[in-house]
Novice: 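One structure follows; several queries about it will come next.
Just so you know, ligand 1 is whichever comes first in the structure, and atom 1 is the first atom listed for that ligand. Fair warning: this is a prediction, and the values are worked out from it, not measured in the lab.
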Amino acid sequence: MEYFISDNIAKINCLIGTEIKKLISEKPNAVLGFATGSTPLGAYKELINLYKKSEIDFSEVITFNLDEYVGLEQTDPNSYRYFMDYNLFNHINIPKKNTHVPNGCAADLQHECIEYENMIKKAGGVDLQILGIGHNGHIGFNEPGTPFNSITHVVDLDERTRKANSRFFSTVDEVPGRAISMGIKTIMMSRKIILIVFGEDKADIIKEALTGKITEQVPASVLQLHPNVSVYMDDKAASKL
Ligand code: F6R
């Protein structure tokens, strides 16, 4: 596991952008795995900057997002499809058909999960997966207790996760109780993982995940078993390591 720690978040986002740029220049049809949430927003801005400076061409890139709420239409500003379009895809030259986010409004959610997993396989697997981490150690929407051998599945969201995410909704009751998420095994099959962690409030969980026991109770602890993980952290998140 490689660590990049800095008190300069702009510099961290720049390094992440450079790593993605390098991958796409070597493999123009790279398969990228994306996360939503606050953490990767700066990195996505950096990708937009690099595109505007003609330093990255996304025309052949394929993307798969980690997760999506069940029951939110793609046009709902709180859906993860909307988030990705608004914060990244609408600003770069990626064909929309190359971008994949699970359909949380599918009539048959189980079928959607199987199809999503198959689409990732058909694309050749994820070359580089971006991850954030939740306060309870979740990655994607894989909450504590999720089996390490899980593939894309429907999950019941933890109350802490719904509360944390309620900052984007008017009330916590509006936060959907279920989501579709890539499983832990799906994430672990990515050839490279970039885990981004910012803020003092993540210091305890990141210490537990990266240096504690590898256990399904701390989903991100599984990353200790992955051969190719880079962790990009600010000094506050790294303060307890
Ligand atoms: C979202 C996702 C989640 C977030 C995590 C951290 O697609 O996969 O696991 O990465 O909840 O969220 P933020 O970045 O908002 O702290």
Side-chain angles (χ1 to χ4, degrees), residues 9 12-13 16 32-46 63-70 72 74 76-89 99-104 113 116 120 126 128-146 150-169 172 175-188 190 193-206 208-210 218-223 229-234 236-238:
I9 290 187
I12 296 175
N13 289 328
I16 296 168
L32 303 180
F34 282 139
T36 60
S38 320
T39 312
L41 277 174
Y44 296 160
K45 282 208 179 99
E46 179 59 20
T63 69
F64 287 92
N65 262 76
L66 283 167
D67 42 19
E68 177 62 285
Y69 287 117
V70 166
L72 297 192
Q74 300 191 349
D76 188 315
N78 279 311
S79 75
Y80 286 174
R81 158 55 74 180
Y82 188 97
F83 176 103
M84 289 308 300
D85 287 348
Y86 185 81
N87 290 300
L88 181 62
F89 300 148
T99 68
H100 305 90
V101 181
N103 178 5
C113 292
Y116 201 71
I120 297 173
V126 172
L128 189 159
Q129 175 68 55
I130 301 279
L131 290 182
I133 183 172
H135 293 106
N136 59 5
H138 72 223
I139 47 175
F141 267 138
N142 295 293
E143 301 287 19
T146 305
S150 52
I151 56 171
T152 302
H153 59 145
V154 178
V155 298
D156 290 321
L157 298 183
D158 194 281
E159 274 319 298
R160 267 193 84 183
T161 302
R162 292 185 68 223
K163 217 168 151 202
N165 290 3
S166 67
R167 65 191 193 276
F168 302 113
F169 294 77
V172 69
V175 184
R178 290 191 303 160
I180 292 179
S181 177
M182 283 187 197
I184 299 279
K185 187 174 166 193
T186 324
I187 293 171
M188 288 293 280
S190 310
I193 292 176
I194 287 184
L195 172 64
I196 317 174
V197 198
F198 295 144
E200 205 171 350
D201 56 315
K202 300 273 176 81
D204 284 318
I205 191 61
I206 197 61
E208 197 179 345
L210 301 183
V218 183
S221 66
V222 76
L223 299 175
V229 179
S230 294
V231 189
Y232 288 85
M233 319 170 81
D234 68 356
K236 296 186 180 73

Novice: Near L66, which atoms of ligand 1 are under 4.0 Å from a heavy atom of that residue?
Specialist: 8 (O)
Novice: In terms of residue, atom name and distance, what is the protein heavy atom nearest to atom 9 (O) of ligand 1?
Specialist: G140 O, 2.7 Å
Novice: In ligand 1, which numbered atoms sit nearer than 4.0 Å to a non-hydrogen atom of D67?
Specialist: 1 (C), 2 (C), 7 (O), 8 (O)
Novice: Below 4.5 Å, heavy atoms only, C-beta onward: do V197 and T39 meet side chain to side chain?
Specialist: no
Novice: If we only count N/O pairs under 3.5 Å, is Y80 in contact with ligand 1?
Specialist: no
Novice: Judging by distance only, is a nitrogen or oxygen of K202 under 3.5 angstrom from one on ligand 1?
Specialist: yes
Novice: Is there at least one pair of N or O atoms, one from P40 and one from ligand 1, spaced under 3.5 Å apart?
Specialist: no
Novice: Just heavy atoms, cut-off under 4.0 Å: does T161 contact ligand 1 by side chain, backbone, both, or neither?
Specialist: neither
Novice: List ligand 1 atoms under 4.0 Å from G132, heavy atoms only on the residue side.
Specialist: 10 (O)
Novice: Stepwise, does the side-chain hydrogen bond (donor to acceptor under 3.5 Å, both in side chains) test hold for H153 with N142?
Specialist: CA-CA 9 Å; H153 59 145; N142 295 293; 2.7 Å; yes
Novice: Over 60° means perpendicular and under 30° means parallel, so classify the ring planes of Y116 and F64, tilted if in between.
Specialist: perpendicular
Novice: Find out whether I180 and T152 are in side-chain contact, i.e. whether some heavy atom of one side chain is under 4.5 Å from a heavy atom of the other.
Specialist: yes
Novice: Judged by non-hydrogen atoms, does M182 sit under 4.0 Å from ligand 1?
Specialist: no
Novice: Among all the protein's non-hydrogen atoms, which is closest to atom 6 (C) of ligand 1, and how far away is it?
Specialist: I133 O, 3.4 Å
Novice: I need the nearest protein heavy-atom contact for atom 1 (C) of ligand 1: residue, atom name and distance, please.
Specialist: T36 OG1, 3.1 Å
Novice: Are I139 and I187 packed together at the side-chain level, in the sense that at least one heavy-atom pair is separated by less than 4.5 angstrom?
Specialist: yes
Novice: Just do the side-chain hydrogen bond (donor to acceptor under 3.5 Å, both in side chains) check on N165 and Y69 with the steps written out, would you?
Specialist: CA-CA 11 Å; N165 290 3; Y69 287 117; 3.1 Å; yes
Novice: Is any side-chain heavy atom of T63 less than 4.5 Å from a side-chain heavy atom of M84?
Specialist: no
Novice: Pick from N65, N103, T36, T99: which one makes a side chain to side chain donor-acceptor pair (under 3.5 Å) with R81?
Specialist: T99
Novice: Assess H135 for proximity to ligand 1: is some non-hydrogen atom of it under 4.0 Å away?
Specialist: no
Novice: Look at atom 11 (O) of ligand 1 and find which of E68, M84, H138 reaches it with the closest heavy atom.
Specialist: H138
Novice: Which of the numbered atoms in ligand 1 are below 4.0 angstrom from a heavy atom of G37?
Specialist: 14 (O), 15 (O)
Novice: Kindly indicate whether the side chain of E46, heavy atoms from C-beta on, has any atom under 4.5 Å from the side chain of I16.
Specialist: no
Novice: Are the aromatic ring centres of F168 and F83 under 6.0 angstrom apart?
Specialist: no
Novice: Could you find the nearest protein heavy atom to atom 14 (O) of ligand 1 and give me its residue, atom name and distance?
Specialist: T39 OG1, 2.4 Å
